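For reference, the structure is listed below as structure tokens.
A quick note: this is a predicted structure, and the numbers were derived from the prediction, not measured. Atoms within a ligand are numbered from 1 in the order they appear, just like the ligands themselves. This chain uses plain numbering: 1 for the first residue, then up along the sequence.
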Amino acid sequence: MSFSPRIIAFFLAVLITTVSIVFLSFVPNVSAAMLFVVGVSSFFASFFFVFYTIDILVFREVEQIYKTIQKLKIRDFDISRKTLIRSVNPIKKLNSEISTYVARKQQEIDELKKMEVFRREFLADVSHELKTPIFAAQGFIHTLLDGAMEDPVILERFLNKAAKSLDGLDALVRDLVTLSQVEKGDLKMHFETTDLRHITEEIFEQLESKAKTRGVTLKIKPKELQAAWVTADKQRISQVITNLVDNAIKYGKENGKIIVEIEEEKKYFQVSIEDDGPGISPEHLSRIFERFYRIDKSRSRETGGTGLGLAIVKHILNAHHSKISVTSKIDKGTRFTFKLPVAGELIPNKEGGKVAQH
Ligand SMILES: Nc1ncnc2c1ncn2[C@@H]1O[C@H](COP(=O)(O)OP(=O)(O)OP(=O)(O)O)[C@@H](O)[C@H]1O
Ligand SMILES: [Mg+2]
């Protein structure tokens, strides 16, 4: 049982009154009326005396704690002196408020620390990635300036190499801008009715020569699919499929086969991009969507990859309130899958409700 200042004051008042009446009753010539008056007045006097003494003693401490809190400029405590007087145990209440507050602040500090580590790693990664093409281009140009320019064959070769490095740098900076925009939520999606089959055909055309150099065949399934109308940001979804098909070409099997399968479900089209390449082992599979994560860094740098592609894919699909999933079997291949709502369907929002298409 917990005691509030009121209850304690009441019991003590009853005790003091009883003792006074008992003592007084032994005094000769004391009338019942007198006993009653003394009883009532001693009850009220002792009740208020005890109550305010406890109150002052307790609240002197409470005020002290409050002053400390004020010094810390904490405005998160929504407890007033009134609620503390009403509460059963004000010290307990204040203590629990402070503990909750400290736990919350500790959580915030942990998150900030994690973000700081993440920011530092990101900065290190970015500077490293920027350094590679800059140093390469710088090297070629300085070699030319130091005299290699005389030879027209070397001149052309080195200029081509420098141009390639700078193209890579340009792609990296553009990817970084896109990534920071989608992560900040600055990139506005323009939802429209668009045909997934048509988008895929356009992408196949763009990547045809790249696929040819590796002898890779690109296929859409089912063959007889005429169109797949969905609600999506055409440009961004095109970027998603391009990234996935590009990866399948780069990291899939030489002379292999890539299939983009578009299946209609009730209210969604499910898109899968599948290759028959070497696959991804489980320890890498859970990490490939992280920025700059590459399984084979040297091979992926050779192919011009910076490890941002899948991070961008994930964020674009998040902005469509969709998720990307991946399954992979070593030596069998990898399959990336996501869903988009059939055109005319409302796009689900984060709260589980629906928003109209734009
Ligand atoms: N289909 C795949 N098969 C095997 N490995 C893959 C496949 N797709 C991605 N990966 C691995 O996942 C890593 C991350 O892919 P991601 O697309 O994010 O980066 P990237 O292709 O290296 O660079 P970028 O896309 O920025 O040019 C790749 O480096 C590769 O190691
Ligand atoms: Mg990629």
Side-chain angles (χ1 to χ4, degrees), residues 118 121-122 125-133 136 164-183 187 200 203-204 206-207 210-211 213-219 221 235-261 271-318 323-338:
F118 187 67
E121 281 175 2
F122 180 63
D125 281 339
V126 171
S127 13
H128 178 78
E129 294 302 329
L130 289 175
K131 246 177 10 199
T132 316
K164 208 172 157 206
S165 294
L166 294 176
D167 286 347
L169 185 66
D170 177 49
L172 169 63
V173 171
R174 264 188 285 133
D175 276 355
L176 280 172
V177 171
T178 312
L179 193 62
S180 82
Q181 281 175 330
V182 275
E183 283 189 352
L187 202 68
T200 311
I203 292 167
F204 279 4
Q206 284 162 20
L207 296 175
K210 199 171 187 177
T213 45
R214 295 208 79 214
V216 172
T217 327
L218 305 174
K219 281 213 165 96
K221 210 169 137 187
Q235 202 202 335
R236 296 291 160 202
I237 286 303
S238 172
Q239 200 177 347
V240 166
I241 302 176
T242 306
N243 264 313
L244 296 172
V245 176
D246 181 60
N247 279 352
I249 298 174
K250 284 197 292 191
Y251 308 112
K253 195 168 70 177
E254 240 182 313
N255 304 316
K257 196 160 75 177
I258 295 167
I259 298 169
V260 175
E261 190 174 4
V271 187
S272 318
I273 292 92
E274 191 177 354
D275 65 62
D276 51 0
I280 304 169
S281 59
E283 79 261 27
H284 292 303
L285 207 57
S286 55
R287 302 201 56 193
I288 53 171
F289 294 99
E290 292 172 16
R291 304 156 167 162
F292 296 114
Y293 193 81
R294 287 162 300 190
I295 298 167
D296 182 348
K297 288 202 191 256
S298 58
R299 218 192 115 209
S300 117
R301 187 165 297 130
E302 216 175 88
T303 53
T306 51
L308 289 177
L310 288 178
I312 294 174
V313 163
K314 188 181 89 180
H315 283 292
I316 293 177
L317 287 172
N318 268 354
K323 265 190 183 158
I324 181 137
S325 59
V326 56
T327 51
S328 190
K329 273 197 184 138
I330 298 295
D331 294 331
K332 287 265 167 18
T334 308
R335 184 184 167 101
F336 289 89
T337 309
F338 64 89

Going by the order shown, which atoms of ligand 1 are within less than 4.0 Å of some heavy atom of [X]?
X    : result
K250 : 21 (O), 27 (O)
N247 : 8 (N), 9 (C), 15 (O), 16 (P), 17 (O), 21 (O)
T334 : 3 (N)

Are any non-hydrogen side-chain atoms of [X] and [Y] less than 4.5 angstrom apart?
X    : Y    : result
L166 : D170 : no
F204 : V260 : yes
Q239 : T178 : yes
L244 : F338 : yes
F289 : V326 : yes
K210 : K250 : yes

For ligand 1, indicate whether the residue [X] contacts it via side chain, backbone, both or neither (heavy-atom separation under 4.0 Å).
X    : result
L310 : both
Y293 : backbone
H284 : neither
D275 : side chain
I280 : side chain

Any heavy atom of G307 sitting closer than 4.0 Å to ligand 1? yes
Considering distance alone, does some N or O of [X] sit under 3.5 Å from an N or O of ligand 1?
X    : value
R294 : no
I295 : yes
G309 : yes

In terms of the angle between their ring planes, are F122 and F292 parallel, tilted or perpendicular, with boundaries placed at 30° and 60°? tilted
Do the side chain of D276 and the main chain of K257 share a donor and acceptor less than 3.5 angstrom apart? yes
Main-chain N/O of T334 paired to D275 side chain as donor or acceptor, under 3.5 Å: yes
N, O or S of N243 under 2.8 Å from the Mg ion (ligand 2): no
